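Let me begin by presenting the structure, written as structure tokens, before commenting on it.
Residue numbers begin at 1 in each chain, while the letters A, B, ... track the order of the sequences. What's counted below: heavy atoms across the whole structure, side chains too, no hydrogens, waters or symmetry copies. Here the structure is a predicted model, which is why all the values come from computation and not from measurement.
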Amino acid sequence: MLPGEGATGDTAASETVNRDFIRDIVAADLESGRTRAVVTRFPPEPNGYLHIGHAKSICLNFGIAEEFGGQCNLRLDDTNPTKEEQEYIDAIQRDVRWLGFDWGSNLFFASDYFERLYGWAEDLIRAGKAYVDDQSQDEIRRNRGTLTEPGRNSPFRDRTVEENLDLFRRMRAGEYPNGARVLRAKIDMASGNINLRDPVLYRILHAHHPRTGTAWKIYPSYDFAHGQSDAIEGVTHSLCTLEFEDHRPLYDWFLENLDVPSRPRQYEFARLNLTYTLLSKRVLTELVRGGHVTGWDDPRMPTIAGLRRRGVPPEAVRDFVKRIGVAKANSVVDMGMFDFTVREALNKTALRRMAVLKPLKVTIENYPEGQVEELDAVNHPDDAAAGSRKIKFSRELFIEQDDFMENPPKKFFRLSPGMEVRLRYAYFVTCRDVVKNAAGEVVELRCTYDPATKGGNAPDGRKVKATIHWVSVSHSVAAEVRVLNPLFARPDPGGAENFAADLNPESIEVLADARLEPAALDVAIEQPVQFERQGYFCRDRDSTPDHPVFIRTIGLRDTFAKDVAKDAAKGKAGG
RNA sequence: UGGGGGAUAGUUCAACGGUAGAACUGCGGACUCUGACUCCGUCAAUCUAGGUUCGAAUCCUAGUCCCCCAGCCA
């Protein structure tokens with residue numbers, strides 16, 4: 001741990017007690033004695049990487065377990081071998097851990113329960129509550145009815161128990177090809193709830209399962225696996241998103257018709273939506289497969305792995321989730337809310353460094369050639385314990401191109417011809433001359449410095465309106481800096497069908513010629529650092545010893561740039 | 001004229017029959033060797049119409065609008 005890390009305490013937000021309708025239910029159940037000890041679970045399907053939407057569920061489930069002195073299981077819901085992979089199983093565990101949660105020894109897989117689930121399916125058959133259906137997928141669909149019309153009973157609905165048992169066992173034995181038959185619950189083909197119109201319990205799938213290999217030829221559906229898995233694990237409160245509300249009657253039906261070891265209850269909450277972001281696994285998978293991003297952990301991705309690589313600290317994700325709350329109303333959270341929590345977390349811990357992203361050469365004409373001075377710079381303005389470091393100053397420097405304007409507007413306080421500014425930690429300098437190339441572009445500034453202002457203060461008490469950052473030409477190191485912007489250009493990108501049209505062509509901007517003070521390199525991969533006046537950055541794993549690469553996690557708030565943009569918009573509207 | 005949910009500032013969430021609050025955002029200001037941070041101030045909401053009640057965001061009735069469901073996905 002470098003100085004500065006963990007220097008400050010928890011935020012006010014993290015000290016406040018969470019209250020939401022689910023926690024109210026848990027508290028009431030504990031108080032009434034209906035629940036003795038709360039058990040929750042986070043049940044992702046290992047068919048992709050976890051994203052910030054999952055973080056909401058993770059924080060909810062693990063958070064409730066923690067707060068109420070209970071337990072939260074990590075359960076991989078691996079009931080569909082055609083979509084699931086070991087890579088995802090590994091990534092999910094890594095990401096939950098990174099978020100700061102610990103499932104102890106309670107790592108489970110739905111596939112651990114395949115044998116038990118199979119037994120329960122036979123129980124249902126013996127009770128006359130399930131049957132093997134020979135209809136094709138298409139016939140089943142047609143006979144299911146519509147939203148307004150009831151379905152029709154399958155011609156195979158009244159097979160005998162013996163025949164059903166025999167057929168089901170043959171299904172398990174692998175005697176039939178994919179799709180030949182399914183096992184269905186016998187409930188009510190006329191139910192207004194389509195999930196109750198004889199839902200499929202088992203389908204034939206000749207596929208390789210990452211954990212059970214080819215041992216099974218039939219696999220339970222989500223509905224048949226989920227509630228019973230909860231019951232096996234003693235889950236008391238099974239939390240899921242709103243779209244499963246319709247499944248709750250079916251969830252309950254299985255638990256009531258089967259000899260299960262416990263009686264969990266399902267509760268639903270609204271999933272997270274974010275502006276400028278798409279959080280469907282379908283879209284994220286396509287972004288990766290279609291090469292729109294470099295991988296699941298592309299720093300522009302809303303995946304946990306992407307956020308981590310981008311330099312977002314886990315406490316920021318947790319704090320964000322806390323701030324957005326939990327409710328049943330569909331909503332879209334403003335990305336600005338997330339940005340705020342990221343900046344807040346980073347501001348507390350990130351060490352400060354100086355880096356010039358788009359260099360403009362400055363020569364201090366009255367500074368002796370060959371002279372080099374070491375100046376003190378603090379590592380963190382609010383944390384003396386973070387210490388300080390030395391920065392070398394010399395005659396030739398780089399400043400930010402944006403910090404100079406030849407013809408500045410009124411409110412521009414930075415460098416311009418004749419203007420004096422402070423070079424942070426160094427001297428006051430005044431711009432005397434502007435050097436241009438043949439194309440008329442500014443390529444160098446000729447300045448003078450005031451030796452009396454060493455360290456940044458004028459003995460005569462005179463003030464400057466701006467302090468700008470800089471590096472010494474011969475004492476700085478070159479680096480590549482990648483500035484990240486939202487992956488999507490619109491706050492409400494199109495859905496799964498046309499998301500590609502809304503991709504932001506400027507989601508990544510590569511600054512190949514950035515110059516850093518050498519101390520900027522003493523941060524580890526993914527460790528946040530603030531490049532002063534610009535934003536929070538972290539060193540990326542693409543770095544090599546002679547080619548450091550930094551990623552901009554997020555820029556600093558910039559009210560000046562905002563004002564400029566506002567004035568420009570106003571001028572345009574007026575003219 | 002199927003079933004299940006939901007509607008409170010611009011956004012997200014509180015208020016659980018008793019003064020509609022917070023955070024983010026916006027706006028204004030103070031401070032500042034980061035136009036950052038911090039601090040202070042401020043604008044801003046109960047979907048509609050009835051009803052019950054001393055009193056309604058909350059209870060009742062009737063509407064309106066939004067979301068989800070017709071996978072052998074989860």
Say you pick atom C1' in rG2(B) and the same atom in rC60(B); how far apart are they, in whole Å? 26 Å

May I ask you to say what Lys411(A) touches in the nucleic acid, namely base, sugar-phosphate or nothing, with a heavy-atom cut-off under 4.0 Å? base

Check this one for me: any side-chain N or O of Thr148(A) less than 4.0 Å away from OP1 or OP2 of rU1(B)? no

Would you measure the distance from the C1' atom in rU58(B) across to the matching atom in rG6(B) and give it in whole Å? 16 Å

Please work out if Val332(A) contacts a base, only the sugar-phosphate, or nothing of the nucleic acid, heavy-atom cut-off 4.0 Å. sugar-phosphate

Going by the angle between their ring planes, with limits at 30° and 60°, are Phe168(A) and Tyr202(A) parallel, tilted or perpendicular? perpendicular

Is any side-chain nitrogen or oxygen of Ser221(A) closer than 4.0 Å to OP1 or OP2 of rC73(B)? no

How about CD on Glu31(A), more than 12 heavy atoms from neighbouring residues, nucleotides or ligands closer than 6.0 Å, or not? no

Quick check: any donor-acceptor pair below 3.5 Å linking the side-chain of Asp558(A) to the base of rG35(B)? no

Would you call Phe560(A) stacked on rG35(B), i.e. ring centres under 5.5 Å apart with the planes less than 30° off parallel? yes

Roughly how many Å apart are rA70(B) and rG4(B), using the C1' atom of each and rounding to a whole number? 14 Å

Side chain to side chain contact (heavy atoms under 4.5 Å, CB included) partners for Lys392(A), two or more places apart: Val372(A), Glu374(A), His475(A)

Could you provide the dot-bracket string of RNA chain B, using ( ) for intrastrand pairs, [ ] for crossing pairs and | for bases paired to another strand, with Watson-Crick or G-U pairs below 3.5 Å? .((((((..((((....[..)))).(((((.......)))))....(((((..]....))))))))))).....

